[in-house]
Amino acid sequence: MATNTGEVMLEMRNITKRFPGVLANDSVNFDVRAGEVHTLLGENGAGKSTLMKVLFGLYQPEEGEILLNGTPTKITSPTHAINQRIGMIHQHFMLVPTLTVAENVALGLKSGRRPLTDLKAVARGIADISDEYGLAVDPNVDIWRLSVGERQRVEIIKALYRKAELLVLDEPTAVLTPQEVDELFAILRDMRNSGKGLVFISHKLHEVMALSDRITVLRNGKVTGATTPAESDRSKLASMMVGREVKLAPDKPLVEIGKPRLTISNLSVDGDRGAVAVDGVDLEIRAGEILGIAGVSGNGQRELAEAIAGLRSVKSGSTISIDGKDVAGMDTRDRRNAGLSYVPEERMRDGAIGDFTVAENLILVDHGSDEFSARGMFKFAEIETHCSQLVSDYAVKTPSLETPTSSLSGGNIQKIILARELANEPSVMIASQPTRGVDIGAAEYIHSRLVDARDRGMATMVISEDLDEVLGLADRIAVLCDGKVMDIVPVEGATKEQLGLLMAGVKS
Amino acid sequence: MLEYLEAIFSVAVLASGIRLATPYLLAGLGETVGQRSGVLNLGVDGVMQLSAFFAYWTVLVHENLWLGIGVSVLVGLVMGIIYAIVTVFFEAQQGISGIGIFLFGLGFSDLMFQKNVGTPRFVKSLPDVRIPVLSDLPVLGEALFSHSVVIYGAFLLVPAVAWLLRKTTFGMNVRAVGENPQAADSLGVSAQRTRFIAILIGNVLAGLAGGALVLQLGVFQPNLTQGLGFIAVALVYFGAWRPSGVMVGALLYGLVAASVLQLKALQLIPRSYSDIAAMAPAVLTIAALVILAGRVKAPAALTRPFARH
Amino acid sequence: GGTDDDPATDTTEAMEDDAETTEAMEDDDAETTEAMEDDDGEAMAGGTISMAIVAPSAKDDLAFTQSMVDSIAALDGDIDLQITDGTFVVEEAAAAIRGYAEAGVEVIVAHGTQYGGSLAEIAPDFPETTFVWGTASDTQGLDNIFAYYPAADEGGYVLGTIAAAISESGNIGIVGPVEAGDAVAYIDGFANGAKDNGATDVSIVYTGSFGDVALAAETAQAHITNGADVLSGSAQMVVGAVGVAAQNGVPWFGTQANQASLAPDLVVASQVYHWEGVLQQVLDARAAGTLGGEVFEINLGNGGLVIEFNDGYPLDPAVKTAAEATIAAVADGSQSTGV
Amino acid sequence: MQRLFGAAVPLLAALVAFACGAIMLVAVGADPVEGLRALVDQAVGSGPRIATTLVRATPLLLVGAGITIAFRASVVNIGGEGQIVAGALLSTIVAIQLPNLPGILLVPLVLIAGALGGAVWGAIPGALKAYASVNEILSTIMLNLVAVQFMNFLLRGWLIDPLEVERGTRIPQTARLSENATLPALIPGSRLHLGVLVAVLAAIGAYVLLWRTPLGFRLRAVGHSPEAAKAAGIPVKKSIVTALALSGSLSGLAGAILVFGSESVRMVTDGSAAGFTGSAGFNGIVAALFGGLHPLWTIPSSFLFGGLLTGATGLQRALQVPAALAVALNGIVVIFVVSSAKVRTRLDQLANARSEMKEVLKDA
Ligand SMILES: Nc1ncnc2c1ncn2[C@@H]1O[C@H](COP(=O)(O)OP(=O)(O)OP(=O)(O)O)[C@@H](O)[C@H]1O
Ligand SMILES: Nc1ncnc2c1ncn2[C@@H]1O[C@H](COP(=O)(O)OP(=O)(O)OP(=O)(O)O)[C@@H](O)[C@H]1O
Ligand SMILES: [Mg+2]
Ligand SMILES: [Mg+2]
């Protein structure tokens, strides 16, 4: 760990930022020294991103001031922030997929050969940065061809190319594979050691423990504590965030395993770019069982889930059956009618409709059922009662049922999706990354819900890149590598090391 | 059969097709720039009619073709400014505000014509310029190199626009803003300014298209374009937002139309089916799209107004 | 076919006793005024007749609508004329017609076949008003509707013969809109006239549009490249074709209105619709207390169709005299147009 | 309250637009006050005139209501013109084939035929979009052109009025169609026919469909997020086709009403789409927009534009101002109204925020 000897490069004093109906930041104080990683920790909606957007000039605070290297500065726009040597890696990438890496880096910069672009020069600059921090990436490929990890490198290069001294990373690891996380951390440490100041935001406590020099905890927009990895541990951090004791792993009562509910045999699926993504997979999940799918992302998990959900066509010879009924030929709706439910990996894209109200998202799947409609007409009274029931059951924090879903925080949206998917006691659930980007409190809640359903006899597939989650939740763990099942191991006695080897494709 | 092919693959049809294609090409190129920046303009046809009328009127009064061309460009510029303000600053629904521009152009040009001209009178139309050596080339020389300057200009604009979009900083910004304005904006590339300029370019070319059309004919009539501008917009989709693609589309459209005329002129199409034959360009365009489509994607931010929170 | 004799002849009679009917008009005037007094006083004041035209295309389209406007302008007597042009849409036209009738206009010319339905609805509501419906050949059994139509094929035939005479290649090109309306009558007559007079190759193209000037221009171009050395055509969009003809120095024949102004030295002749005769008869009849119920055809015989030669074009006198002969022949029915 | 205010903004915009109209009047040397008087008088000056205005508004309302459906499923339908023609043709053919059916059967039948024709002509671009990912803006525009030529083909040939051939006048129009198919007048002796009522009901129907039925729910879901809709089991492709088919069916209905509600009770063209539709396919979009793309608001806005269109003929008669002025004015209205849309949403945002704030405070 580097010692925090660097001078203070950023100081945010009593920052207050309101949104309609929300006090996102409540006179927050926050500072960053040169050569340190300062972590912001907090539940969904705690105000982390807001605070950073204020720093980056995307929002103007109602109160408070920002000092850069001691001098009070009013940051009016991202461009202004960039000129102040501040860089930001957003929660959602700010890249133009159809432009090349070099073009994305060159955007907004003065070209040497105006009116023409000067991509050669930019490429050279990129090469230098790549060498310095080991950020290997080809400047001439289009962004859409890059993996998530590579895209993130481009984001970092963009910041460094603009000579950023203070770099903000908002949940940079949420979308990365364990390997990519390690590479990223190596890079970040290099940057820290070269005297840059880093702000790190993550919901994964072991990452926070591994990378941080200092940790500041936000709750409901207020700073509720500051600490360092040395003087705390994961469960301490967790309770600081949530304000109470939290169980990091749900306790699972022993239920006796029932008959097979989801049976997959010889399932093969093509990926987006043609190549085989899922390759002759055989799986069986029984009533009252949670099967965890571990694996480095991009090894066929997404395709597997989508194939089961009926969103992706399977190759001939594949069979999928739910409660003994062959569903391979059915469309998504019929599979759901057959007892399937599905929590997609991409929450905001596939899971919920941002412009729909909370209520509308809660009935997105069952809107056509006779419970909610008769003779093609909605029964609004029934819908109302049903939805407010779910909202209270799942402790969804929302002003009203009519609130546009997009204005809720990630955790709450995920709760809505889960509530919807569990509403009519499905026999099989496919849950992809159920708690990615979701704070501990919400994650704990979601886990316990999944376990309850399992106890009532649901067959569950939990796909996650978070080994802690898989180990904590699953009864059996199947490890995917290159679209093949490397092995299926009972959770008892399974170790991260063992799984890590399997994920890397090494069979013991 | 053979006679049909002979009729279609004749120098005359080629020349005629090129003439017919030019207004589509000019308007399409302009619309390409606009759409690449994320702005759909369904008002092209209206802009063309306005610029066509004012170009015609100018030449009628001042008997100066170049002044006419200039005026058509000017009209395009003015309409561009209006449309840019509406769509960029007021974030207006693009498809529909375009219809507004169209209706205005259609009605106002008609109004002006009836008030200021009335009975159609001819003005001198753009002269053909035979390019010395080239036009004497056997077979195609005559068809390709004996046209008015605007036609040469239109086709020279194809590489020019491609160059603008590919090689220049402005072009890069246009592509970025059309794909992900938030990203561009976060790097200090003003989506608003970029789109504003792109819209101006688009409308200026639409204006030029109107001027070219009317000065080619040497006479104006209400609703001169007969929906030409809408087809030009369609051809941008057809051309997959690439100048070269738009050129192919425009030529296809023009050549099919010319071929049909030639077949009719040679009485190779029974008269009673003349309307069915007249469907050919539209039908073929759709057919070609069924084959092409899916492979290309529209600019992701097309028709999405950009607003910073 | 246009030239079935009966209407032709009896209308010509009607023309002959023109003189006395005009006298008749003089003295009838007083009483008709009284007659009018109650429903509309000032319209008739000072012998003014209030007329209105509702027409599909523009009043100065150098074609169908202009022919009617010019004709009314040419009427003697003091006429207060109102025009609603460019209204193809029947609902709009109906509104306009009704509006004029309500405003007390005495003679309303609905200058488009498609208005017939509206007239059938409106006319009965305004028994004092005279409605003149063209081009049409029946009055829908209403006694305040007059109908009129042109025998467009007659002039077409004549112009066709002239075209064949001045064509060296014997190849003649015709630019048509949609194959409909009296464009067809004119074009078929023209083609027949040309063929009967030795034209070897008469090419007719219907572009499929009344408005597409560019397409009309390219059609003319196609005709010329295919060897045509004389052109004609019908409807508003032909200005495009005339332009091409002018650029290529190819003679042109016009119809409906005199198109000489478009190409002063290349328009050989135009078949011009003169509705004066019909209109005069309408006014006379009205003055005489008959508000409608008659059908008029305009043709070469009754002077409703006039071939106007353009002095700007050096037409061989021999050809011209021949043409005059043809006119006479077609007029007295001895020469059929084959339409 | 803020709803009202929200609605007031486009009205204001419209006023500004009409001011521009006045300026245009002056430009063409006419007295704007006189003009306005003539316009208003012609639009609503008397019973029959109001009737004419309502009749004129009918196709706008139908097309407009259809537009709102398509828009909610985020498909742009510029094919109104073609869909009107398709509907008119099919209903005309039905009336020609079954002239002797009693009105009680024939009238509903021709209306259904119209809706069907429009639905098919709308479903085609829908299918092209859903299954061949052909952009619907392009295909609807192209299909407009195709429909026109097809109309000309039929009206010149198969469907032409035998009289027209006999006389040699050859106007491309059908014979006067069966009396039984004529839309009955709502008020006996007035032009106000059943079609007006049908259109209003259709608009209300569109509203109910979109916000009160599962089907509409699916269309809106697909409009907002095809991905999420798909994952929830909603058939996206099918919904896109459905949306355009529904949108087209209303335009087609307009086509049938144009034929059987017209005074001539026949289909007639000048060889252009506008010749038959009076550009209702475009003006309907305008009306829908002016109604904030909400089916119910589209009702009054359609009547407003209907009045503008009929009023224009009065303007033309009284001041001899070309009717083109009305078209230009339409355009200006659209431009101002779309521009005002933002101001309006901003207002709504504010209001929502305030109410949300209150609720949150209540909870606390
Ligand atoms: N643009 C906005 N408009 C309205 N409310 C907002 C906006 N952005 C954030 N909020 C609200 O402000 C609060 C803080 O949001 P913020 O995104 O800062 O939380 P966060 O700590 O980043 O959560 P997460 O861990 O899910 O990213 C939340 O209640 C959120 O709903
Ligand atoms: N609940 C639903 N979720 C997704 N798609 C549905 C649903 N209901 C119907 N559909 C789709 O709409 C089509 C119409 O089928 P169906 O008649 O059952 O629906 P509906 O009765 O119109 O509405 P609902 O079924 O919701 O009452 C179906 O073929 C199906 O593709
Ligand atoms: Mg955040
Ligand atoms: Mg159902």
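Below, each value reflects all heavy atoms present in this structure, side chains not excepted, and no hydrogens, waters or symmetry copies. Order of the sequence lines sets the chain letters (A, B, ...), proteins ahead of strands, with each chain counted from 1.
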Within this structure, what is the [atom1]-[atom2] distance for the pair [X] and [Y], rounded to the nearest 0.5 Å?
| X | Y | atom1 | atom2 | answer |
| --- | --- | --- | --- | --- |
| A:L116 | B:R166 | CG | CZ | 13.5 Å |
| B:E179 | A:L95 | CD | CG | 12.0 Å |
| A:T79 | B:D185 | OG1 | CG | 7.0 Å |
| A:T98 | B:K297 | OG1 | NZ | 8.0 Å |

Against chain A, work out which of B:N180, B:V189, B:T169, B:N173 has the most heavy-atom pairs shorter than 4.5 Å and name it.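 Maximum pair count with chain A is reached by B:T169.
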
Under 4.5 Å from any heavy atom of chain B, what part of A:D118 do you find: side chain, backbone, both or neither?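 Looking at A:D118, nothing touches chain B.
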
At a heavy-atom separation under 4.5 Å, does A:L107 approach chain B through its side chain, its backbone, both, or neither?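 Both backbone and side chain of A:L107 come within 4.5 Å of chain B.
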
Verify side chain to side chain contact (heavy atoms under 4.5 Å, CB included) between B:L187 and A:R162, making sure each step is shown before the conclusion. CA-CA 10 Å; B:L187 295 175; A:R162 289 165 170 72; 3.8 Å; yes

Mind ranking A:K53, A:K158, A:M88, A:R113 by heavy-atom pairs under 4.5 Å with chain B and telling me who comes out on top?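 Looking at each option in turn, the highest pair count goes to A:K158.
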
Heavy-atom pairs under 4.5 Å with chain B: which of A:A106, A:P115, A:G108 has the most?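 Between A:A106, A:P115, A:G108, the count favours A:P115.
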
Minimum heavy-atom separation for B:A176 to A:L99, with atom names?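 Heavy atoms only, the tightest pair is CB-CD2, 3.9 Å.
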
Distance-minimising heavy-atom pair for A:I82 and B:S186: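 Heavy atoms of A:I82 and B:S186 come nearest at CD1-O, 3.5 Å.
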
Between the main-chain N or O of B:K167 and the side-chain N or O of A:T117, is there a donor-acceptor pair closer than 3.5 Å?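 It does hold such a pair.
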
Can you confirm whether A:V96 sits close enough to B:R175 that some side-chain heavy atom of one is under 4.5 Å from a side-chain heavy atom of the other?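 SC-SC contact between A:V96 and B:R175 ruled out.
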
Ring pair (Phe, Tyr, Trp, His ring centres under 6.0 Å) partners for B:Y83, two or more places apart: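 Expected list: none.
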
Listed by chain and number, what are the salt bridge (charged side-chain N to carboxylate O under 4.0 Å, His left out) partners of A:R18, not counting sequence neighbours?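 If we apply the salt bridge (charged side-chain N to carboxylate O under 4.0 Å, His left out) test to A:R18, skipping adjacent residues, the hits are A:E63.
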
